[in-house]
Amino acid sequence: MTTIPRFDTNEVFNQSPPYENIDLFSSDLPLVEAVKANGAGDAAATLSAFGRQWGAAEMFSLARRANENPPKLHTFDPKGFRRDVVEFYPAYHDLMRVSVAGGLHASTWTSTGQRAAPPAEVVRSARYYMTAQIESGHLCPITMTRAALAALAAAPALLAQVAPKVVTTSYDGTFKPWWEKPGITLGMGMTEKQGGTDVRANSTTATPMLDSYSITGHKWFLSAPMCDAFLVLAQAPGGLTCFFVPRFRPDGAVNALRLQRLKDKLGNRSNASSEVEFAGAYALRVGDEGAGVRTIIQMVQLTRLDCALASAGFMRMALAQAVHHCRYRSVFQKHLYDQPMMRAVLADLALEVEGAVALVMRLSRAFDRTATEPREAAYARLVTPAAKYWICKTAPGFIYEAMECLGGNGYVEESVLPRLYREAPVNAIWEGSGNVMCLDVLRALKRDREAADLFDDMAREAAAITGEKVQLLEAGNEFESEAAARITVGRLAILASAAALQASAPAAVAEAFLRTRLSNPHGALYGASDIGAKTANLVLQRALPQE
Ligand SMILES: Cc1cc2nc3c(=O)[nH]c(=O)nc-3n(C[C@H](O)[C@H](O)[C@H](O)COP(=O)(O)OP(=O)(O)OC[C@H]3O[C@@H](n4cnc5c(N)ncnc54)[C@H](O)[C@@H]3O)c2cc1C
C-alpha cells in the first residue's frame, strides 16, 4: 500500500490510498462468478493475470496521459500538400499495443475470419469490461476492428485477405498501406450530416469502375480516422451498399479521404472523431448492391455489445472507487462505509453493477452460441439492444452518484471519476441511440416469435424468484406501442438481468435486484431502495472483498 507523505505544514490523514495496483478480475466477485456461469471458468487464471496487468498504476497513468493530450489533425504539410493524418500522443499507441496484444480486437475470430470456438466471446468480454474501466477512448477502433469481420463475411475473397492482418497480436500505428503492415485496424462510416439513425438518407455516391467503385460525398462522424480501412455506406446504382475503403489505393497512393476537422467532444478525448470528405475514393464492394444495411448491421450488433460492456465497466470502476474511498474516509468518528445512509447508497450501486455484469456476460454467452443454437441467436437479437439501452443510459447517473461518495475529491480531474462521467453518455448515443434501441426491441418482439417467447419465459423465471406474478406491460399498453417502448424495454432489461443473476449470483442478490427494480418502485436516486442489511453486506463484500 502506498504510504501517505507528511507535508511541511500539516499531516495528510483521513484520505484513502490510491486505488491502483489491483487485480481487476479477482477483486470483482460478480465478474468472476458471471464468467464461470457462462462457460469460461477455466480462463480464470489468465483473466486474473490480465486484471493485474490493466490494474497496474502504469495503466492508470497511460489512460490519464492519453486523455490529457488529445490527438491532433494535420490536414496539410508546411508546403500546402494534403496530409490528412492524425497524430496521437504516445500513451494512446501504448494502450492500443497492450489491447491488441491481449486480443481485444480479434480474439473471437480465427485467422480465416470464422467465429472462434466458445467461450471466446465470454473471455473477450471479461477482458473488454476490465479494459474499459481504465481507458475507453482507444477501445473505439478496437471495437470496430473486431466487429468489422462480421460484415466482411459478405465479401469472402476480401475477408480472406484482411482477416489474417486483423487476427494478429501486433499493433502497427504507422501510416502506410494495410497490406504492408503486420496488424491492422478497421473503422466505419455511416453517419452523414442529414442523418445517423436514418442511414437510408445517405447521399454519398458510389460509382462503379472497372474492378472497384469511386466514392464521393462525406461522413459527419468518422472515428479513429487512422484506421487502415473503413466500412462505409454509399448509394450505388442498386441502392445503399457497404464498401471497404482503405487509407491507401492499391498503387500505394494515399486514398482520397479528406479529413476536414476533428470533433471537440465532451469526453472520449483520447480518441479522434473526424469529419471526412471522400473525393472519388477507391473502394471495394462488400455484399450486394442495395444490401448495405443488412451487411453492416452484422458489425453493428457486435459494437452494441461492446457499448454495454464498456458502460458496465465504467460503473464497476466508479463503484470500486467509491467503496474503496468510503472504507478509509471517516466522518464524525466513523468510516463512511459504516454510516447507514452511505451504506444504503453503496449497496444500491453495487446491486446495479451486479445486474449489469451478469447481463453482459450472459449476453456474451449468447454471442458464443448464435451459430449453433437458434434460441441463443434469438436471445442475442432481443437482449443486445435492450442491454445497450439500459446499461448505457444508466451509467451517467450512476457515475455521478459514485462521484459524490468521494465528496470533493471525486469532482477533481485527477480522480478517475470525471473522465468516466464525461465518457459515459457517448455509449448511449452512438451505435444506435436509446430510442432506436427500443424500436429495435419492439421489432424483434413483433417479428420474431422466439424472441417474444423468451420475454415470456423471463417473466416466468422472475415470478419464480419473487413468488409474485410479474407484469410485463402496464395495462392498456401493447408490445407495439412506441410511446410505451421505454417501459417495455426497461422491464425486459431488468428481467434479463435478474435471470442472468439467478444463474451467476447468490439467490439473495437476484431477489433483491428484482424486488427493488421491478416489484417495488425503485427510488429515483440510488440509496432509496430497501435492499435489507444482510443483502447490503453481501453485495458490498462481493463488490470489493475486504482483506
Ligand atoms: C463521439 C462520436 C463518435 C462517432 N463516431 C462515428 C463513427 O465512427 N461512424 C459513424 O458512422 N458514426 C459515428 N457517430 C455517429 C453516431 O452513430 C450518431 O450520432 C448516432 O447514430 C445518432 O445519429 P444522429 O446523430 O444523426 O442523430 P438522429 O438520427 O438525428 O437522432 C437524434 C435522436 O432521435 C432519436 N430518434 C431517432 N429516430 C427516432 C424515432 N423513430 N423515434 C424516436 N426517437 C428517434 C435518436 O434515438 C436520437 O436520440 C459518432 C458519434 C459520436 C458522438
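These figures come from a predicted structure and were not determined experimentally. Atom set for the values below is all heavy atoms of this structure, side chains included, hydrogens, waters and symmetry mates excluded. When a ligand or atom number is given, it counts from 1 through the structure's own listing order.
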> Looking at atom 20 (C) of ligand 1, what's its closest protein heavy atom, distance included?
Replying inline: Ile429 O, 3.6 Å
> Quick one: does atom 23 (O) of ligand 1 have a protein heavy atom under 4.0 Å from it?
Replying inline: yes
> Does some non-hydrogen atom of the protein lie less than 4.0 angstrom from atom 33 (C) of ligand 1?
Replying inline: no
> Taking only heavy atoms of Met190, which atoms of ligand 1 are found under 4.0 Å from at least one of them?
Replying inline: 10 (C), 11 (O)
> Under 4.0 Å from atom 15 (C) of ligand 1, do we find at least one protein heavy atom?
Replying inline: yes
> Would a 4.5 Å heavy-atom cut-off, applied to side chains only, mark Met190 and Val300 as touching?
Replying inline: yes
> Going by the order shown, which atoms of ligand 1 are within less than 4.0 Å of some heavy atom of Glu431?
Replying inline: 17 (O)
> Can you find an N or O of Met188 that's nearer than 3.5 Å to an N or O of ligand 1?
Replying inline: yes
> So which heavy atom in the protein is nearest atom 44 (N) of ligand 1, and how far is it from that ligand atom?
Replying inline: Asn435 ND2, 3.0 Å
> Under 4.0 Å from any heavy atom of Gly189, which atoms of ligand 1 are there?
Replying inline: 11 (O)
> N/O of Ser223 under 3.5 Å from N/O of ligand 1, yes or no?
Replying inline: yes
> If every non-hydrogen atom of Leu149 is compared with every non-hydrogen atom of Gly113, which pair is closest and at what distance?
Replying inline: CD1-CA, 4.5 Å
> Is any heavy atom of the protein nearer than 4.0 Å to atom 30 (O) of ligand 1?
Replying inline: no
> Does Arg65 pair with Glu58 as a salt bridge, N-O distance under 4.0 Å?
Replying inline: yes
>> Students often mix this up, so state it plainly: with edges at 30° and 60°, are the rings of Trp54 and His138 parallel, tilted or perpendicular?
In response: parallel
> Atoms of ligand 1 less than 4.0 Å from Gly195 heavy atoms?
Replying inline: 26 (O)
> Going by the atom numbers of ligand 1, which of them fall below 4.0 Å from some non-hydrogen atom of Ser273?
Replying inline: 1 (C), 3 (C)
> Among Val300, Thr191, Leu439, Ile296, which residue places a heavy atom closest to atom 39 (C) of ligand 1?
Replying inline: Leu439
>> Quick check against the 3.5 Å criterion: does Asn67 have a side-chain atom that pairs as donor or acceptor with the backbone of Ser270?
In response: yes
> Got a sec: does the CZ of Phe175 have more than 12 other heavy atoms crowding it under 6.0 Å?
Replying inline: yes
> Relative to the heavy atoms of Gly196, which atoms of ligand 1 are at a distance of less than 4.0 Å?
Replying inline: 23 (O), 24 (P), 26 (O), 29 (O)
>> With a 4.0 Å cut-off on N to O distance, would you call Lys219 and Glu275 a salt bridge?
In response: no
> Of Phe221, Tyr389, Trp430, which has the heavy atom at the shortest distance from atom 10 (C) of ligand 1?
Replying inline: Phe221
>> I'd like to know whether Glu352 forms a salt bridge (charged side-chain N to carboxylate O under 4.0 Å, His left out) with Arg517, so could you lay out the CA-CA distance, the side-chain angles of the two residues, the decisive distance to 0.1 Å, and finally the verdict.
In response: CA-CA 9 Å; Glu352 195 71 48; Arg517 267 76 182 151; 2.9 Å; yes
>> Among all the protein's non-hydrogen atoms, which is closest to atom 1 (C) of ligand 1, and how far away is it?
In response: Lys265 CD, 3.5 Å
> Looking at Met317 and Leu24, what are the two nearest heavy atoms and their distance?
Replying inline: CE-CD2, 4.2 Å
>> With heavy-atom distances below 4.5 Å as the criterion, would you say the side chains of Trp430 and Cys140 are in contact?
In response: yes
> Under 3.5 Å between some N or O of ligand 1 and some N or O of Thr197?
Replying inline: yes
>> Check whether Asn255 reaches the backbone of Pro246 with its side chain - one donor and one acceptor, N or O, closer than 3.5 Å.
In response: yes
> In the protein, which heavy atom is nearest to atom 49 (O) of ligand 1, and how far is it?
Replying inline: Ser433 CB, 3.7 Å
> In terms of atom number and element, which parts of ligand 1 are under 4.0 angstrom from non-hydrogen atoms of Leu222?
Replying inline: 8 (O)
>> Testing the basics here: between Leu257 and Ala281, what is the closest heavy-atom pair and its distance to 0.1 Å?
In response: CD1-CB, 4.1 Å
> Is it true that Arg269 and Asp264 make a salt bridge, defined as a side-chain N closer than 4.0 Å to a carboxylate O?
Replying inline: yes
> To which of Thr303, Val436, Asn202 does the heavy atom nearest atom 36 (N) of ligand 1 belong?
Replying inline: Val436
>> Can you name the atoms of ligand 1, numbered from 1 with element, that are less than 4.0 Å from a heavy atom of Val426?
In response: 1 (C), 53 (C)
